[in-house]
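Note sheet for the following structure.
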Amino acid sequence: GAEDELGADSEGLVEGLAVGGIVKGQLDDTASVAEVDKDQRAQISLLLCPAHYAYRLAYVGGGKNKDEAYLPLVFEKDGVAVSVITICENEFGIATDSKAGAAGFELYRTVKLIKDEKANGRYFIVNFHGGNEENPFPSPKKRGLYRTFIECGADAVIAMHTHCPQGYEYYLGKPIIYSMGNFFFAYKDPQGERANMSSAYYFGYMSKLDIKDGKVSFEPIPYRFTPKGMTVMDGDDKRRFLNYLEKISEPIKSDKEIE
């Protein structure tokens, strides 16, 4: 089970995320950074982890049924409103009309929600859980899907699931982060490939979005983790990672290269 795999207890990890001000949709992959007032509450009512009660973490992407799972989380500050949804590939644990679970991706529902929220004057961010595992480059299909979200009005797309970092691009002036890699997915006693602590499995980056003058910009915050904990990179380690991120981002721009 998860408690056997994690090098730190899950409630302690949730407490750390709360203290750090991190809003988390999926603990096993990567967190997105957002400025959140400590008294702010999520719009949806189902709390998937009891620790959410204690630390009042905002969350999104799950619910008692499909409609609730698709409810956006809305942030408002200084007159600016931002809506966020989290959706995932339809694998397991997906909410239905009568069953609790995660928000499984439906194109029509997603596009309609983007357009409705934009019509209400809000910025819109799509958080997507999907992609080819342990591949540093997105598939042409995923690139096309995330670009479609932007063309339909989304202001940013942040993805995860691949268990390694993928690159990013600005499409129509808006950021698409194809995968941030693992956030904290450590094993107490890693075996085989997982024993190589220098592999891309143990590196990732958080995505900090800045909204100013009608534009959304992106700043990667790289880190690494081991079964003992996590470290935000600085100095030469940060420089090397950011150089690597630019290298794996470059082919995304080219139809020929991404094929």
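Residue numbers start at 1 and run along the sequence shown.
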Is there a donor-acceptor contact under 3.5 Å from the side chain of E117 to the main chain of L113? no
Looking only at side chains, do E151 and Y146 share a donor and an acceptor under 3.5 Å apart? no
Starting from I87, can I reach I94 by hopping between I/L/V/M/F/W/Y residues whose side chains sit under 4.5 Å apart? no
To the nearest 0.5 Å, how far apart are CD in E246 and CG in N243? 8.0 Å
Considering all heavy atoms of both residues, which atom of S139 and which atom of N132 are nearest to each other, and what is their separation? CB-ND2, 3.7 Å
E68 backbone acceptor or donor facing N65 side chain under 3.5 Å: yes
Looking only at atom types and distance, does a side-chain atom of D155 sit under 3.5 Å from a main-chain N or O of F124, one as donor and one as acceptor? yes
Ignoring hydrogens and angles, tell me if any N or O in the side chain of Y70 forms a donor-acceptor pair with the backbone of T86 under 3.5 Å. no
Minimum heavy-atom distance R122-K118, with the two atoms named: O-CD, 3.2 Å
Please work out which of the three classes, parallel, tilted or perpendicular, describes the rings of F241 and F203, given edges at 30° and 60°. parallel
Taking atom OG of S217 and atom CG of L209, what is their separation to the nearest 0.5 Å? 7.5 Å
Going through the distances and angles, do V157 and I150 end up as a side chain to side chain contact (heavy atoms under 4.5 Å, CB included)? CA-CA 8 Å; V157 178; I150 297 294; 4.0 Å; yes
Do Y202 and T226 touch side chain to side chain, with heavy atoms closer than 4.5 Å? no
Check for a donor-acceptor pair, side chain of R224 on one end and backbone N or O of M233 on the other, with a separation under 3.5 Å. no
Dump the intermediate steps for side chain to side chain contact (heavy atoms under 4.5 Å, CB included) on F128 and I158, then the final yes or no. CA-CA 6 Å; F128 196 97; I158 301 177; over 6 Å; no
Can you find a pair of side-chain heavy atoms, one from P72 and one from V84, that are under 4.5 Å apart? no
Whether D67 and R109 form a salt bridge (side-chain N of Lys/Arg under 4.0 Å from carboxylate O of Asp/Glu) is what I want to check. yes
Between L242 and P220, the two heavy atoms sitting closest are CD2-CG, 3.8 Å
Once you round to the nearest 0.5 Å, how far does NZ of K142 lie from CD1 of I252? 14.0 Å
Could you walk me through whether V111 and K115 pass the side chain to side chain contact (heavy atoms under 4.5 Å, CB included) check? CA-CA 6 Å; V111 170; K115 293 183 178 296; 3.8 Å; yes
Check whether F105 and Y108 end up in the same hydrophobic cluster, where Ile, Leu, Val, Met, Phe, Trp and Tyr are linked by side-chain heavy atoms less than 4.5 Å apart. no
Over all heavy atoms of both residues, which pair between V126 and A154 is shortest? Give the atoms and the distance, please. CG2-CB, 4.1 Å
Residue pair P136 / C164: nearest heavy atoms and the distance that separates them: N-SG, 3.9 Å
Hey, does the side chain of N182 reach the backbone of Y201 with a donor-acceptor pair shorter than 3.5 angstrom? yes
Ionic contact status for E106 with K66, cut-off 4.0 Å: yes
Atom OG in S207, atom CE in M180: separation rounded to 0.5 Å? 4.5 Å
In plain terms, say whether E250 and K253 are close enough for a salt bridge, that is, a side-chain N and a carboxylate O under 4.0 Å apart. yes
In the structure I gave you, are the side-chain heavy atoms of I125 and V82 within less than 4.5 Å of one another anywhere? yes
Which one of K174, R143, R147 satisfies the salt bridge (Lys or Arg N to Asp or Glu O under 4.0 Å) criterion with E169? R147
Could you check whether any side-chain heavy atom of H161 comes within less than 4.5 Å of a side-chain heavy atom of E133, counting everything from C-beta outward? yes
A95 versus A69, closest heavy-atom pair with distance: CB-CB, 4.1 Å
If you round to the nearest 0.5 Å, how far is SG of C152 from CD1 of I114? 5.5 Å
N135 backbone acceptor or donor facing Q166 side chain under 3.5 Å: yes
Go through the steps to decide whether V232 and I221 satisfy the test side chain to side chain contact (heavy atoms under 4.5 Å, CB included), and finish with yes or no. CA-CA 7 Å; V232 176; I221 303 174; 4.0 Å; yes
Please check if atom NZ in K238 has more than 12 non-hydrogen atoms from other residues, nucleotides or ligands closer than 6.0 Å. no
ring-ring contact (aromatic ring centres under 6.0 Å, His included) evaluation trace for Y205 with Y223: CA-CA 6 Å; Y205 60 100; Y223 58 83; 8.1 Å; no
Does F137 share a hydrophobic cluster with Y170, counting links as ILVMFWY side-chain heavy atoms below 4.5 Å and allowing steps through other members? yes
Give, for atom NZ of K141 and atom CD1 of I258, the distance between the pair rounded to the nearest 0.5 Å. 15.0 Å
